[in-house]
Amino acid sequence: MGAVRLIEEQYARDLAILRSGQAAFGCGDYRTARTAAEWLVCGPAEGLDPQAVHEAATLLVASAAAGQDWQALSRMGTALWWEGLPLSAMATVSGRVQALWQLEKWQEALALMLRTERVWQATPASRALLALFRRVAEYVLGRPDRFTRALALPEEPDLPPSKAFAFNIATFDVLLGIGDLRAAANLLSTRRMNLELLPQHNRFLWHHLNGRWDEALALARRLLVDGGALNVVPGHHLLPARTAAILLAQGRPTSADRLISSVRGPVNGPLEHILDHAEAEVLRTLGELGRAEEVLQRGLRAADERGSFYGTDELLASLAEVHAEAGHPDRATACLERLDRTAEQMNSGRTRLLHLLTSGKILGPDSPEARKHLHEAVDLARSRSQPFETAVTLLAAARANAGPATLLHEAYERFGEMGATLWRFHTRTAMREAGLTVPGRRHATAENEHLLATLLAEGLSNRQIAGVLRLSEDAVANRLSRLFARTGMRSRTEVVTAVLTGTQVTTNHH
């Protein structure tokens with residue numbers, strides 16, 4: 001940046017500053033990007049291309065969001081902040097809308113867009129930007145029709161390739177966020193987008209939904225270490241929330257909880273209801289239903305205050321199950337009814353599947369309606385082609401006698417392919433209860449020992465481990481005794497050390 005500012009001609013200097021700021025943003029250097037953007041919006045060169053000034057305003061908002069400066073974004077969401085800046089109406093309005101968008105103040109953003117629609121008609125790029133903002137905002141607010149129709153439309157012919165790519169990325173991100181893997185794959189194909197050239201957070205969500213969890217975690221580690229914990233909106237917190245879900249499925253509830261806590265932000269930032277769902281699932285796994293209910297209710301209240309439907313399906317499904325497990329059937333039914341209305345309104349495959357699954361669990365195995373819903377859930381899950389989602393559905397259907405017990409074998413294999421060791425443990429339990437033989441007895445024993453050692457390394461007490469594994473404390477104590485006897489280890493500390501150093505905790509160790 002210092003060298004760029006030595007360029008004598010202001011017009012050329014400002015263009016160079018903009019390009020260097022954009023390059024810095026692409027490399028994760030958000031401070032440099034923001035400095036470049038601030039330089040330009042406060043005093044752009046006379047005659048500088050309006051599109052360049054608009055890009056500078058966009059860069060300023062994006063870099064503030066990437067740096068999680070929510071106070072600055074709150075100021076940028078007001079008309080007062082932009083008054084007096086030597087910017088075009090398009091740059092001012094767009095910058096303000098994008099600030100509100102980053103804060104997930106969808107109703108304010110949409111109202112501002114509609115009031116300033118004439119400003120957006122200046123160029124094909126600005127018209128396309130308005131259309132994108134509008135359909136995403138309406139989708140989040142529970143009006144999905146415009147977004148859904150746009151998926152079938154061709155690309156705008158007059159858009160520069162860079163703009164078309166950015167708009168496709170935004171649409172792709174929304175589709176991955178709502179769990180519509182098939183529509184996302186179709187977008188990749190029809191728009192000729194190379195997955196390996198997409199941003200890392202897009203590839204993380206893609207691998208997560210496809211059940212390639214090792215690849216997803218490798219990307220998540222890099223992003224989280226580099227400070228890139230946020231996705232593009234909506235659903236800022238999908239990266240840490242989905243990473244926490246993987247950790248939890250692997251039997252690492254403490255690690256999942258720490259991750260969620262580490263990315264919590266201030267109250268004036270974007271919605272955190274996606275994190276609330278992830279935290280509640282950790283609490284449910286640990287048997288803390290009361291705290292899980294509080295967290296889920298908090299997430300729903302926050303979403304309701306902003307009129308957001310995005311992500312509330314997961315909250316409602318979990319809350320219905322928590323109420324049922326806590327012995328409050330009326331509350332569970334009320335949540336289920338709201339989830340049904342949400343599924344109808346959003347016309348989302350994931351929301352519909354969550355409703356069918358939750359209904360099957362709450363109504364119980366003796367209900368013909370529950371079995372009907374779970375049959376439908378199995379068909380829907382298979383059509384969506386997401387390994388973890390499908391395995392969870394198969395397990396639920398088999399447990400409720402809504403399908404052949406052999407569904408458990410398929411769920412067992414799918415969980416194994418992803419490394420979902422905790423879910424695989426529960427599936428083994430269900431198989432034994434159904435009178436089925438668990439394949440690979442020696443391998444199953446090794447998996448049990450590794451899971452038990454992992455839970456010890458997570459710092460869980462015997463009581464907490466019993467809750468996670470749905471066993472009695474005596475059963476956990478017996479398993480620990482057998483683990484020590486078979487491995488030759490004499491203490492929990494030795495087991496934890498083995499896990500932390502990557503030593504295989506099985507009978508082979510002895």
Side-chain angles (χ1 to χ4, degrees), residues 213-214 217 243-260 278-279 281-289 292 325 388 391-392 395 399 408-409 411-434 436-510:
W213 283 3
D214 288 342
L217 285 176
T243 303
I246 294 175
L247 294 175
L248 185 60
Q250 293 177 336
R252 300 166 64 188
T254 304
S255 297
D257 187 57
R258 286 173 182 160
L259 172 57
I260 295 165
E279 181 181 346
E281 289 303 292
V282 172
L283 293 169
R284 287 182 64 193
T285 300
L286 294 172
E288 299 184 37
L289 294 182
E325 291 170 23
F388 183 72
V392 169
L395 176 58
R399 277 179 163 168
L408 292 170
H409 281 291
Y412 189 65
E413 292 303 316
R414 288 178 180 268
F415 286 135
E417 290 166 1
M418 290 176 288
T421 51
L422 182 56
W423 282 88
R424 198 159 147 99
F425 175 88
H426 292 315
T427 308
R428 276 196 292 273
T429 301
M431 291 169 77
R432 293 190 185 101
E433 290 173 351
L436 300 177
T437 301
V438 177
R441 181 175 178 181
R442 177 177 294 182
H443 184 68
T445 299
E447 276 193 4
N448 285 342
E449 290 177 342
H450 181 74
L451 176 59
L452 186 58
T454 300
L455 294 170
L456 287 176
E458 288 285 294
L460 301 189
S461 65
N462 281 15
R463 182 177 182 181
Q464 288 173 314
I465 293 173
V468 170
L469 299 181
R470 300 170 194 164
L471 300 171
S472 68
E473 287 189 59
D474 287 342
V476 170
N478 290 336
R479 284 173 178 262
L480 283 172
S481 297
R482 291 198 297 270
L483 175 65
F484 294 144
R486 281 199 290 263
T487 61
M489 297 181 185
R490 293 182 295 275
S491 69
R492 299 167 78 102
T493 303
E494 282 192 57
V495 175
V496 171
T497 301
V499 171
L500 295 178
T501 57
T503 305
Q504 191 176 14
V505 186
T506 65
T507 53
N508 293 335
H509 179 85
H510 180 59

Where is the tightest heavy-atom contact between Gly416 and Arg424, given as atom of each residue plus distance?
-> CA-NH1, 3.4 Å
His443 side, atom NE2; Asn448 side, atom CG - distance, nearest 0.5 Å = 10.0 Å
Under 4.5 Å between any side-chain heavy atoms of Leu456 and Ile465, yes or no?
-> yes
Taking the side chain from Gln464 and the backbone from Ser461, do they hold a donor-acceptor pair closer than 3.5 Å?
-> yes
Mind listing the closest non-hydrogen atom pair of Ala391 and Ala411 along with its distance?
-> O-CB, 3.6 Å
At their closest point, which heavy atom of Thr454 faces which heavy atom of Gly251, and how far apart are they?
-> CG2-O, 3.5 Å
Look at the rings of Trp213 and Phe388 and say which category their plane angle falls in: under 30° parallel, 30 to 60° tilted, over 60° perpendicular.
-> tilted
Do Leu283 and Asp257 come within less than 4.5 Å of each other through their side chains, counting heavy atoms only?
-> no
Heavy-atom neighbours of Arg463 CZ exceed 12 at 6.0 Å | no
What one should report as the nearest heavy-atom pair of Gln250 and Gly419 is CG-O, 3.4 Å
Hey, does Leu469 have a side-chain heavy atom less than 4.5 Å from the side chain of Thr429?
-> no
Is there a donor-acceptor pair under 3.5 Å between the side chain of Glu458 and the backbone N or O of Ser255?
-> yes
side-chain contact (heavy atoms from CB on, under 4.5 Å) involving Glu325 - partner list, sequence neighbours excluded = Arg284, Leu289, Glu321
Of all heavy-atom pairs linking Phe425 and Leu471, the shortest is CZ-CD1, 4.1 Å
Could you pull out the closest heavy-atom pair between Val392 and Phe415, with the gap in Å?
-> N-CZ, 3.8 Å
Test side chain to side chain donor-acceptor pair (under 3.5 Å) on Thr421 and Glu447 and set out the steps.
-> CA-CA 7 Å; Thr421 51; Glu447 276 193 4; over 6 Å; no
Roughly how far, to the nearest 0.5 Å, is CG of Leu248 from OG1 of Thr243?
-> 12.5 Å
side-chain contact (heavy atoms from CB on, under 4.5 Å) with Ala430: which residues, sequence neighbours excluded?
-> Leu395, Arg399, Leu408
Quick one: are His409 and Met431 in side-chain contact, heavy atoms under 4.5 Å?
-> yes
Considering residues at least two apart in sequence or located in another chain, which fulfil the side-chain contact (heavy atoms from CB on, under 4.5 Å) criterion with Val468?
-> Thr285, Leu286, Leu422, Leu455, Leu460
